[in-house]
Amino acid sequence: MAAVVDQTCSAFARVSGDDLRVPLVQGGTTTYANFDYAASAPALAQVTDRVQQLLPYYASVHRGAGYASRISTECYEAARGSVTRFLDAADDQVVVFTRNTTDSLNLLAACVPGDTVVLDIEHHANFLAWTRHGRRVVRAAATVEETIRQLIAELCSRPAALLAVTGASNVTGEVLPLERLATIAHQCGARILVDAAQLAPHRRISLRDTGIDYLAFSGHKLYAPFGAGVLVGRQDWLDAAEPYLAGGGAVREVGVTRTEWASAPQRHEAGSPNVLGAAALAAACDALCAIDSESLATHEHLLADRLRTGLSAIPGVNLLRIWDDSPDIVGIVAFTLDGFVPGQVAAYLSAEHGIGIRDGRFCAHPLLARLGLDGALRASIGLGTSSADVDRLIDAIATLVAKGASWNYACTDGQWNPTPETRPFTSTHATDGAAPCVIG
Ligand code: PLP
């Protein structure tokens, strides 16, 4: 099976850093095994290529008659088309470029004309953004079915303008039935927003087919780490609201006593646009559109199942789930290890095995509290993950449980580190006499 998985993987795409060598605390180096795609994913080769091509033409967007400005403006506006195609957005849905998902959700929160209903399993970005705007929290039940019943009860109890749900949990990767939730929201007179920060990198979403009104995601989780995100959605609320930021680019006409604001998307994009970020994000959307989404999902299922099966065979490993009837799970595996503090395990994997995974509460404190935990481990996979990486992670956890760590670790200010720390924290990529990136 390994050969099939790896073959499929390399056929999909190449990502930056897939041959990165990292130092080990005991000496020597190894190839980095990245299991932190859910936090920030490496750049796709198509993304770095597009950015390299655009860099010589980099100039002001919407603000210059020079040739380079015209090219930059074209690229920026064309990027909206790539996002529209990637999400199969409807005609009345516009693409607003933002910094990231958090930015997108805060932007929309200021436009919603009424209450927003949210679940208690959300990432803080899709929870706190609604606080100032009539957030009504529904506690997720033990099953998806029961949770949907609770959502219907809340939406029917008094009018809400918006149902804001995650596409895939950033802790467990569990996916909600979005088309069904969109229908329910609409039947109750509300619209639906999907926080697709974790879903968009793993599954194709059609806004038209699902009826999703608003959707947000981050470029840096979609293999385009150049500082852009998007909010895509129906234009009327965006046009009726105050501009997100006041400034140049968001206006049609400014007088001393009166301002005529532009309509969306420009209305919410004041300031000089991030053309490299938008172009990078567009390149990632184009590249993902070109990949057969069924094969991608199958590839990820194979890897994630391999990881879950391998981990669950190790004594003391507890895999985390919110529900046992979720219709799909993306490539995220969260777990705890009896007798070990998550931060210590993550430090051990990094220091002794060159494996990067995330530990902590994942900006989802209410969900971790529901699960009765004050921390866990999260391994997330993506386009650069191979079955060999998965096996390395499983073997490293099995070794820890069977033999313990071979180095000492200490916690200072909540951060676990090997003691002594022998690894140089210097980027090896600084060449041509440039100052290296020294991290400590
Ligand atoms: N929503 C989910 C589900 C996430 O996983 C994250 C980040 O991890 C966010 C929102 C926030 O994304 P960003 O930090 O890019 O704004």
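Read the numbers this way: they start at 1 and go in the same order the structure lists the ligands and their atoms.
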Would L107 and L238 satisfy side chain to side chain contact (heavy atoms under 4.5 Å, CB included), going step by step from the backbone distance to the final call? CA-CA 9 Å; L107 191 168; L238 301 176; 4.2 Å; yes
The one among K221, R358, Q198 that brings a heavy atom closest to atom 5 (O) of ligand 1: Q198
What is the nearest protein non-hydrogen atom to [atom], stated with its residue, atom name and distance?
atom	answer
atom 4 (C) of ligand 1	H123 CD2, 3.3 Å
atom 16 (O) of ligand 1	T102 OG1, 2.5 Å
atom 10 (C) of ligand 1	D195 OD2, 3.4 Å

Any heavy-atom pair between the side chains of V137 and L119 that's under 4.5 Å? no
Going by heavy atoms in the side chains, are Y58 and V51 under 4.5 Å from each other? no
Side chain, backbone, both or neither: which applies to H220 and ligand 1 if a contact is any heavy-atom pair less than 4.0 Å apart? side chain
Geometric class of the F97/Y76 ring pair [parallel <30°, tilted 30-60°, perpendicular >60°]: tilted
Contact (N/O only, under 3.5 Å) between T166 and ligand 1: no
Per side chain to side chain donor-acceptor pair (under 3.5 Å), D213 is matched among R191, R234, Q93 by R234
